[in-house]
> 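One structure is given below, represented as structure tokens, and several questions about it will come after.
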Amino acid sequence: MNTVTTVNRQIRLAKRPVGRPDDSTWEITSEPIPEPSDGEFTVKVDYVSLDPAMRGWLDDVKSYVPPVAIGEVMRTHAVGRVVASKNAKFPEGQLVSGQFGVQEYALSDGRGALAVDESLAPAPTWLGALGFPGMTAYFGLTDVGRLQKGDTVLISGAAGAVGSIAGQIAKLKGATVIGVAGGPEKCAWLTEELGFDAAIDYKSESVGKALRAAAPDGIDIYFDNVGGEILDAALARLRKNARVALCGAISGYNATDPQPGPSRYLSLLVNRASMTGFIVFDYLDRFPEGMEAMAEWIRAGEIVTREQVETGGVEAFGRTLNLLFDGANTGKLVLKIS
């Protein structure tokens with residue numbers, strides 16, 4: 001293995017947070033860089049993905065994946081380069097993505113790993129539009145939302161990693177797209193660069209009132225990333241046979257009390273609408289389909305990708321993760337490790 005150091009620094013879960021994670025949540029540890037056995041390879045991690053779902057993985061509750069254990073390396077998707085290999089499919093020098101965790105080096109047996117084509121897009125994009133966020137947007141709209149040409153689509157968290165891609169896919173498919181985001185700069189990005197038809201600034205205006213103006217005839221699809229009051233505002237504007245795709249609820253992820261359910265849920269009954277939760281991991285066997293479509297749109301310049309790359313290595317992980325809960329990111333949030 002050709003490497004300057006022999007130490008692998010890692011972020012491990014020190015204790016489960018109550019509310020917002022802070023410095024006491026994490027521990028930085030060091031151990032020797034792992035050496036591969038037959039069928040394995042060692043990755044020098046370049047970038048790690050930061051996603052709202054990571055907050056849910058810290059709680060010891062039943063969910064779609066087991067919680068991160070106390071003392072375990074923090075789970076996340078990452079991109080890095082193979083520096084030592086005993087796996088013919090992943091030779092030394094190959095750029096790869098996979099569930100490598102928040103650490104400087106990772107050992108993999110190849111399961112869940114993917115060779116990255118740098119000629120198509122730079123490494124951080126493989127954690128965004130060509131990674132789980134892009135696939136979440138694609139299958140959330142096409143399968144859960146049953147997107148059709150002419151639909152009116154509302155997307156919350158629209159300036160984030162998933163929402164920004166979902167809105168662009170909807171436009172490509174012939175929909176009218178309205179985004180909800182926080183602040184004038186994010187709203188301008190949605191309409192001026194991404195092609196959204198309208199953007200609502202939830203920090204400075206009433207979402208319900210603005211939505212009535214932007215979609216006077218109602219909405220066909222609501223792609224929900226935030227939950228809370230914005231979900232209620234969307235339910236009030238559903239059209240007959242509308243579809244609500246529940247992707248996330250970041251507004252309540254750090255809450256210490258149980259969050260109330262939507263008060264306008266009877267709109268689903270009145271409008272014969274549906275509200276469906278989904279997890280992108282359920283579509284792993286169909287990722288080639290989604291990635292092929294996304295790659296073609298990127299290659300043709302029809303999808304704009306944006307990654308907010310923060311620096312500082314593993315020490316900056318906790319601070320960078322909390323940018324998500326401050327609404328301080330635009331596009332995909334990524335931390336540069338090496």
Side-chain angles (χ1 to χ4, degrees), residues 46-47 49-52 77 79 95 97 114 116-142 145 147 149 151-202 214 221-226 245 247-248 250 280 287 289-310 323-324 327-336:
D46 293 327
Y47 301 93
S49 177
L50 279 70
D51 302 283
H77 207 63
V79 171
L95 195 66
S97 67
L114 178 71
V116 167
D117 182 358
E118 295 177 89
S119 68
L120 176 60
T125 304
W126 290 84
L127 297 176
L130 288 168
F132 285 126
M135 298 304 96
T136 301
Y138 180 84
F139 291 109
L141 278 175
T142 59
L147 178 66
K149 183 178 181 179
D151 280 343
T152 296
V153 179
L154 175 68
I155 300 171
S156 59
V162 174
S164 61
I165 299 299
Q168 293 182 81
I169 294 173
K171 285 301 297 180
L172 286 169
K173 296 292 187 178
T176 297
V177 181
I178 304 162
V180 180
E185 291 183 358
K186 289 184 178 181
C187 288
W189 181 58
L190 295 178
T191 56
E192 295 173 10
E193 294 190 44
L194 304 191
F196 282 52
D197 296 281
I200 298 170
D201 182 357
Y202 73 85
I221 299 175
Y222 174 45
F223 194 108
D224 185 24
N225 289 301
V226 303
C247 177
I250 194 172
V280 70
F287 268 31
E289 168 197 337
M291 293 187 71
E292 181 180 0
M294 194 68 63
E296 183 56 38
W297 288 326
I298 292 173
R299 190 180 293 111
E302 295 177 316
I303 288 283
V304 175
T305 65
R306 181 169 178 174
E307 296 81 37
Q308 180 175 324
V309 179
E310 297 291 317
L323 294 178
L324 293 168
N329 66 295
T330 302
K332 180 71 188 85
L333 185 61
V334 174
L335 176 62
K336 183 174 173 60

> Which atom pair, heavy atoms only, marks the closest approach of L95 to A123?
CD2-CB, 4.0 Å
> Can you confirm whether D201 sits close enough to P184 that some side-chain heavy atom of one is under 4.5 Å from a side-chain heavy atom of the other?
yes
> Under 3.5 Å, which donor-acceptor pairs do the side chains of residues 152-162 form with other protein atoms, sequence neighbours left out?
residue : atom : partner : partner atom : Å
S156    : OG   : Y222    : OH           : 2.9
S156    : OG   : D224    : OD1          : 3.2
S156    : OG   : N225    : N            : 2.9

> With a 4.5 Å limit on heavy-atom distance, are the side chains of P122 and T125 in contact?
yes
> Show the nearest heavy-atom pair for residues F223 and C247, with the distance to one decimal.
CE2-CB, 3.7 Å
> So which heavy atom on A170 is nearest to which on L147, and how close?
CA-CD2, 3.8 Å
> Is the number of heavy atoms from other residues, nucleotides or ligands under 6.0 Å of E185 CD greater than 12?
no
> Might you point out which heavy atoms bring C187 and A181 nearest each other, and give the distance in Å?
SG-O, 4.0 Å
> Side chains of L127 and E307: does their closest heavy-atom pair fall under 4.5 Å?
no
> I want to check something: taking the side chain as every heavy atom from C-beta on, are P133 and I165 in contact at a cut-off of under 4.5 Å?
no
> Using modelled atom types only, decide if a donor and an acceptor are shared between the side chain of W189 and the backbone of L194 within a distance under 3.5 Å.
no
> Determine, step by step, whether V304 and Q168 satisfy the side-chain contact (heavy atoms from CB on, under 4.5 Å) criterion, reporting the C-alpha distance in whole Å, the side-chain angles of both residues, the deciding distance to 0.1 Å, and the verdict.
CA-CA 8 Å; V304 175; Q168 293 182 81; 3.5 Å; yes
> Under 6.0 Å between ring centres, would you say that holds for F287 and Y138?
no
> Any pair with a residue in residues 163-172 that passes salt bridge (charged side-chain N to carboxylate O under 4.0 Å, His left out), sequence neighbours left out, goes on the list, sorted by first then second residue, please.
K171-D197
> Any sub-3.5 Å donor-acceptor pair from K186's side-chain atoms to G327's backbone N or O?
yes
> What are the two closest heavy atoms between I250 and L324, and how far apart are they?
CD1-O, 3.7 Å
> Just verifying a value: how many Å separate K173 NZ and D151 CG, rounded to the nearest 0.5 Å?
12.5 Å
> Please report the shortest heavy-atom distance between I221 and G145, naming the atom on each side.
CD1-O, 3.3 Å
> Between Q308 and G331, is there a donor-acceptor pair closer than 3.5 Å when you use the side chain of the first and the backbone of the second?
no
> Is the closest side-chain donor-acceptor distance between S49 and K332 under 3.5 Å?
yes
> Is any side-chain heavy atom of L120 closer than 4.5 Å to a side-chain heavy atom of L130?
yes
> Quick one, I303 with L172, criterion side-chain contact (heavy atoms from CB on, under 4.5 Å). Give me CA distance, side-chain angles, the key distance, then yes/no.
CA-CA 9 Å; I303 288 283; L172 286 169; 3.8 Å; yes
> Which donor-acceptor pairs under 3.5 Å do the side chains of residues 290-297 make with protein atoms, sequence neighbours left out?
residue : atom : partner : partner atom : Å
E296    : OE1  : R299    : NH1          : 3.0

